Amino acid sequence: MERSDVEGAPGGAGMNDATIKAYIDFAAANSLPYMLIDEGWYINSGGGPVVYPGADIMTVVPTIDLPSLVRYAADRKVGLWLWANWRVLDAKMDAAFAHYAAMGIKGVKVDFMDRSDQQIVDFYQRIFKASAAHHLMLDLHGAYHPTGATRTWPQFLTQEGVLGAEYNKWTRRITARHNVTLPFTRGLAGPYDYTPGGFRNATPATFRIEPQTPMVQTTRGQALAMYVVFDSPFMGVSDSPDNYAGAVGFDFVRAVPASWGETRVVSGAIGEQIVTARRSGKDWFVGAMTDETPRVLDVPLDFLGSGRFTATIWQDGASPTDVVATSRIVTARDTVTLKLAGSGGGAIRLVPIR
């Protein structure tokens, strides 16, 4: 599966059919096979971790015609996921899963467990079994670290358990050094729902905490690289759709898959830099990330097979939002040199010439 959910909206958007259809259209136009309807679709939701009185996952808000939206999305080859607070879902889990699966919903993103005690561990086991029984894909957000469950339950795609990009809305802790540390720490445990795709890029000096229109304090090049370096079979384009319109580099996001047949770590140093290459079919994708220090990184292409490849290369430009795209013909004997800005990154797509 590829990137799927569009979290955030342009001004004037709301939890209504018109907004959801616009997001579905965006997903369809950009070959994104899934779209997530986030918090607010069932009555009395909206409290985040707090469950409001009367919250009911079996009752959709009157501004949304969910069966119609499922059909609208299916006509455009887009599948819909639903967000849920775990307590609200747990109250009617089997009935809700049966109802929404029969409607055509493809997956659920469950949030705000935020603990690892016996009750939550038991909830995980029950939701693994229930989502499998109803053929629903599963993302556990607000979750503790992985324990290998994705090997047992193939519909369980990813879980949070990470200080991810949404923390840019209220903290300065999501630095480039933090991001370059994750592949060597949390990333070793299993897939992580970091929610990448921040295209409001700033430097650490110009970054501001903006809860409604959040920034990231890393470059556009690093945003692209995350789709290769960070491992999750359920990636999302988590910024507002209007930030992707006409943006250089979004062509890479549209093309990069989210599951892989082979992975090579080309180089790396904990908290400093990493270069990862991953193969999907016969195509290779490379992501390179650095901490706050600008770096020039050589990427030997000896992982390629025989023959020639078209290499499309995205690198940091003059400002955090700039990306410079170039292309050249390469073979396994060649090396690509990436120039990364401080808090930056780069990406490469390698397609065999047939």
Side-chain angles (χ1 to χ4, degrees), residues 1-5 7 33-34 36 81 83-84 86 89 106-132 135-167 173-174 177-197 222-223 225-238 256-266 268-271 274-280 285-287 289 345:
M1 290 175 300
E2 299 178 1
R3 286 113 347 267
S4 49
D5 56 330
E7 298 181 343
Y34 300 100
L36 169 73
W81 282 56
W83 177 97
W86 80 274
L89 174 63
K106 303 301 183 183
V108 289
K109 178 176 181 176
V110 186
D111 208 349
F112 292 116
M113 289 75 70
D114 294 338
R115 312 194 316 261
S116 58
D117 56 29
Q118 185 175 358
Q119 181 187 16
I120 293 298
V121 172
D122 174 70
F123 171 76
Y124 279 26
Q125 299 307 309
R126 289 186 289 106
I127 200 171
F128 292 154
K129 295 177 183 178
S131 58
H135 304 284
L136 289 167
M137 291 178 283
L138 179 64
D139 170 13
L140 294 179
H141 209 62
Y144 58 76
H145 63 80
T147 58
T150 54
R151 293 178 177 269
T152 303
W153 304 100
Q155 87 286 359
F156 176 36
L157 301 187
T158 193
Q159 64 196 97
E160 190 178 14
V162 66
L163 207 64
E166 65 182 330
Y167 281 77
R173 295 174 64 187
I174 312 305
R177 182 173 180 82
H178 168 76
N179 291 338
V180 181
T181 301
L182 290 177
F184 301 94
T185 52
R186 166 63 180 84
L188 298 179
Y192 43 123
D193 188 16
Y194 176 95
T195 55
Q222 185 161 127
M226 288 178 184
Y227 287 96
V228 182
V229 175
F230 292 173
D231 182 24
S232 179
F234 184 64
M235 285 287 195
V237 287
S238 303
V256 65
S259 58
W260 308 97
E262 184 177 356
T263 295
R264 305 282 188 93
V265 178
V266 178
I270 298 174
I274 186 169
V275 180
T276 301
R278 300 187 193 266
R279 181 182 56 79
S280 175
F285 295 80
V286 177
M289 298 166 56

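The model shown is predicted, which means the values in this text are computed figures rather than measured ones.
- Using modelled atom types, one side-chain atom of Glu160 and one backbone atom of Gly142 make a donor-acceptor pair closer than 3.5 Å.
- One distance of note links CH2 of Trp81 with NZ of Lys106; it measures 12.0 Å at 0.5 Å rounding.
- Counting only residues at least two apart or on different chains, no side chain to side chain donor-acceptor pair (under 3.5 Å) pair has a member in residues 144-153.
- Here the CG atom belonging to Leu140 is positioned 4.5 Å from the CZ atom belonging to Phe156, to the nearest 0.5 angstrom.
- Summarising the geometry of Val229 relative to Gly287, their closest heavy-atom pair is CG2-O, 3.5 Å, with the distance given to 0.1 Å.
- Of the inter-residue distances, the one linking Tyr227 atom OH with Tyr194 atom OH reads 10.5 Å to the nearest 0.5 angstrom.
- Residues Ala269 and Val180 come closest through the heavy atom pair O-CG1, 4.3 Å.
- For Val266 against Ala277, the heavy-atom pair with the smallest separation is CG2-CB, 4.1 Å.
- Between the side chains of Thr195 and Glu166, no donor-acceptor pair of N or O atoms lies under 3.5 Å.
- A pairwise comparison of heavy atoms in Val228 and Phe285 identifies CG1-O, 3.6 Å as the closest pair.
- Closest non-hydrogen pair, Leu136 versus Gly107, comes out as CD2-N, 4.1 Å.
- Taking CE of Met137 as the start and CG of Leu157 as the end, the distance is 6.0 Å to the nearest 0.5 Å.
- Between Phe230 and Thr276 the shortest side-chain heavy-atom distance does not fall below 4.5 Å.
- With sequence neighbours excluded, the residues forming a side-chain contact (heavy atoms from CB on, under 4.5 Å) with Arg186 are Pro146, Gln159, Val162, Leu182, Ala189, Tyr192, listed by chain and number.
- Atom CD of Glu262 sits in a crowded spot, with more than 12 heavy atoms from other residues, nucleotides or ligands closer than 6.0 Å.
- Under the side chain to side chain donor-acceptor pair (under 3.5 Å) criterion, His178 pairs with no residue, sequence neighbours left out.
- One N or O on the side chain of Arg177 and one on the backbone of Gly271 form a donor-acceptor pair closer than 3.5 Å.
- Rounding to the nearest 0.5 Å gives a distance of 9.5 Å between OG of Ser131 and CG of Leu89.
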Original post:
Stepwise, does the side-chain contact (heavy atoms from CB on, under 4.5 Å) test hold for Lys109 with Asp193?
Top reply: CA-CA 10 Å; Lys109 178 176 181 176; Asp193 188 16; 3.6 Å; yes
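- Not a single donor-acceptor pair under 3.5 Å links the side chain of Arg278 to the backbone N or O of Ser259.
- Remark: the backbone N or O of Val110 is not paired with any side-chain donor or acceptor of Trp86 at under 3.5 angstrom.
- Between Phe234 atom CZ and Leu36 atom CG the span is 6.0 Å, to the nearest 0.5 Å.
- Proximity of Gln155 to His135: side-chain heavy atoms (C-beta onward) are nowhere separated by under 4.5 Å.
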